[in-house]
Amino acid sequence: MPRSRINENFIDKTFSIVANILLRIIPTTSGEKRAFTYYRDGMSAQSEGNYAEALQNYYEAMRLEIDPYDRSYILYNIGLIHTSNGEHTKALEYYFRALERNPFLPQAFNNMAVICHYRGEQAIRQGDSEVAESWFNQAAEYWKQAIALTPGNYIEAQNWLKITGRFE
Amino acid sequence: MAWSLTLPPPSSLSSSSSPSFPTFHHHHHSLFFNGVVAFTRLRHRRNSNTLSHVPSVGKEDTDLRVSSLQEQQLGEDDDGDDEPTPQDIEYVAQIKRVLELLRKNRDMLFGEVKLTIMIEDPREVERRRLLGIEDLDGPTREDLVDALDEINEGKIPKDRASLQMLAEELASWPNLEDAVPKKKPSKSLYAKATDTGIDPELAAKKLNIDWDSAAEIEETNADDETEVPSVVGYGALYLVSAFPIIIGISVVLILFYNSLQ
């Protein structure tokens, strides 16, 4: 049974139908339609916490999608999965590649900043203040880019930047 | 007269017997010693010969065996390192061709291909971690990525199993000949379906402004040269833009009505 038929609640059903309508309206090749179908199923599995199934779908989507801009969203979502699994190095790689194809992903910048901030805190616990400072500086750079894209968001990050004197 | 018989004096007897005894003793001692020496020498000679030969023979055999093994190992290493098989070369050429096609037709960078190959089932990773074993059935995704890196650097991977598996996986890449069509980022289904923290329309506008400055200039020129009334142009644009909204609202209302039944 296709995953799209498993969804039962109103919101998921609405999203599926709207996505199907958009898929029919917007002119795309059959490969791209299949790619988006895999992507949509991957997102659905990801939202349910079934990361293995999500990754399988994203893998197929990456092989089928021919547009680099659209592939950036697949890479971004794979990065989210690795972030959730605590695989920060892998997550950063996927975020980097996603931003390389699409630099307007503020949430990717935010997630990268969060990872760097976390690693900075770890370095402090290990007593390595210099490494921690580097990680915090890197986090600040990423947060600045995220804020530049969406000035009204990431209030906590803005406060942290002001408090630590890294806003400029 | 009786005393006229001549007998040897005791001293002469002593001197006579003394040389014989020492001589005998000497001979005996010498013979024994000589025998011992001879035996010892013979034994020593034999022992030395045996010890010298046996270890020598064994050592030579061992050396020969070690040498032959080393030669075999070196030969194998040399064959593995310096002389890749024609099949390996074919696999590498095949992989490079696929990478070139992906770059040319899809603008797919090497890093993207690498990250795609890197996608691994987390259940398998967790299973291996819990059991503390390495998968002996075949190469891991990391092995494939390592092989891909080596090929990208102009090397031929030594791990033939990984090379073969990688070649097969890339050969099965779907729709390699399809080229990326030109379309506006604002029409991306992915952008509409994904929450990335920014409005897709705003992102599309920024993309147009930042990524297509030349087109902006051309659009400006086109606007200057256009003689169509703005009402008609904008009206048509609004009408086309309204269709998705109307359809969306209709779908939501229909589903809501169905859910009430």
Side-chain angles (χ1 to χ4, degrees), chain A residues 10 13-15 17-19 21-23 25-32 34 36 39-40 43 51-52 55-56 58-60 62-78 81 85 90 93-94 96-97 100-110 146 149-150 153-154, chain B residues 102 105-109 111-126 169-170 172-176 178-185 187-200 202-207 210-211 243-244 247-248 251-252 254-256 258-259:
Chain A
F10 176 75
K13 200 170 183 180
T14 303
F15 170 76
I17 292 175
V18 171
I21 292 171
L22 292 174
L23 199 60
I25 292 174
I26 297 176
T28 55
T29 63
S30 60
E32 288 181 298
R34 289 173 56 204
F36 183 73
Y39 178 72
R40 184 187 60 194
M43 286 183 65
Y51 296 147
L55 285 174
Q56 288 175 6
Y58 290 147
Y59 172 79
E60 296 297 335
M62 281 295 293
R63 282 159 57 95
L64 285 164
E65 184 55 59
I66 61 178
D67 185 76
Y69 176 75
D70 291 341
R71 286 199 300 271
S72 70
Y73 291 96
I74 306 172
L75 293 169
Y76 167 73
N77 276 290
I78 297 172
I81 291 175
N85 289 337
K90 276 189 176 181
E93 286 189 63
Y94 282 96
F96 277 129
R97 291 299 170 185
E100 193 173 26
R101 312 310 305 208
N102 177 9
F104 298 96
L105 295 171
Q107 192 62 26
F109 281 119
N110 176 68
L149 291 174
T150 53
N153 293 347
Y154 312 115
Chain B
L102 290 172
N105 294 339
R106 301 188 183 190
D107 190 19
M108 197 165 192
L109 304 175
E112 292 180 78
V113 178
K114 180 180 172 181
L115 291 181
T116 304
I117 300 296
M118 194 189 293
I119 296 173
E120 189 170 18
D121 190 342
R123 293 172 295 191
E124 286 295 322
V125 177
E126 186 67 13
E169 183 160 341
L170 290 182
S172 67
W173 204 284
N175 305 329
L176 279 174
D178 291 354
V180 56
K182 291 185 177 180
K183 66 177 182 179
K184 295 183 178 180
K187 294 185 176 180
S188 172
L189 294 172
Y190 297 79
K192 295 179 183 298
T194 309
D195 180 14
T196 58
I198 192 171
D199 184 10
L202 181 60
K205 289 180 181 178
K206 290 187 176 182
L207 287 172
D210 293 346
W211 287 6
F243 276 126
I247 292 171
V251 168
V252 171
I254 291 169
L255 290 175
F256 182 70
N258 286 334
S259 67

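Reminder, nothing fancy here: chain letters follow the sequence lines and each chain counts from 1. These values consider heavy atoms only, across backbone and side chains, with no hydrogens, waters or symmetry-generated copies. These numbers were taken from a predicted model, which means no experiment stands behind them.
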Which answer fits [X], side chain, backbone, both or neither, if we ask what part of it has an atom under 4.5 Å from a heavy atom of chain B?
X: A:L75; result: side chain
X: A:L105; result: both
X: A:E93; result: both

Euclidean distance, [Y] [atom2] relative to [X] [atom1], rounded to 0.5 Å:
X: A:M62; Y: B:M108; atom1: CE; atom2: CE; answer: 4.0 Å
X: A:Y94; Y: B:I119; atom1: OH; atom2: CD1; answer: 4.5 Å
X: A:I78; Y: B:T116; atom1: CD1; atom2: OG1; answer: 6.5 Å
X: A:R63; Y: B:E169; atom1: CZ; atom2: CD; answer: 6.0 Å
X: A:N77; Y: B:T196; atom1: CG; atom2: OG1; answer: 9.5 Å

**Prompt:** Highest number of heavy-atom pairs under 4.5 Å with chain A: which of B:N105, B:L102, B:I254, B:L109?
**Reply:**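 Ranked by heavy-atom pairs under 4.5 Å with chain A, first place is B:L109.
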
**Residue pair B:N175, A:L64: steps toward the side-chain contact (heavy atoms from CB on, under 4.5 Å) verdict** = CA-CA 7 Å; B:N175 305 329; A:L64 285 164; 3.8 Å; yes

Quick check on [X] against chain A: is it the side chain, the backbone, both or neither that has a heavy atom closer than 4.5 Å?
X: B:L115; result: both
X: B:L176; result: neither
X: B:D195; result: backbone

**Message:** According to ring pair (Phe, Tyr, Trp, His ring centres under 6.0 Å), who are the partners of A:F36, at least two apart in sequence or on a separate chain?
**Reply:**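 Result, ring pair (Phe, Tyr, Trp, His ring centres under 6.0 Å) vs A:F36: B:Y190.
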
Quick one: closest heavy-atom pair of [X] and [Y], and the distance?
X: A:K90; Y: B:M118; value: CE-SD, 4.0 Å
X: A:M43; Y: B:A193; value: CE-O, 3.1 Å
X: A:R71; Y: B:E112; value: NE-OE1, 2.7 Å

**Prompt:** Taking side chain as C-beta onward, heavy atoms only, is B:D107 less than 4.5 Å from A:R101?
**Reply:**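 The answer is yes, as the side chains (C-beta and beyond) meet within the 4.5 Å cut-off.
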
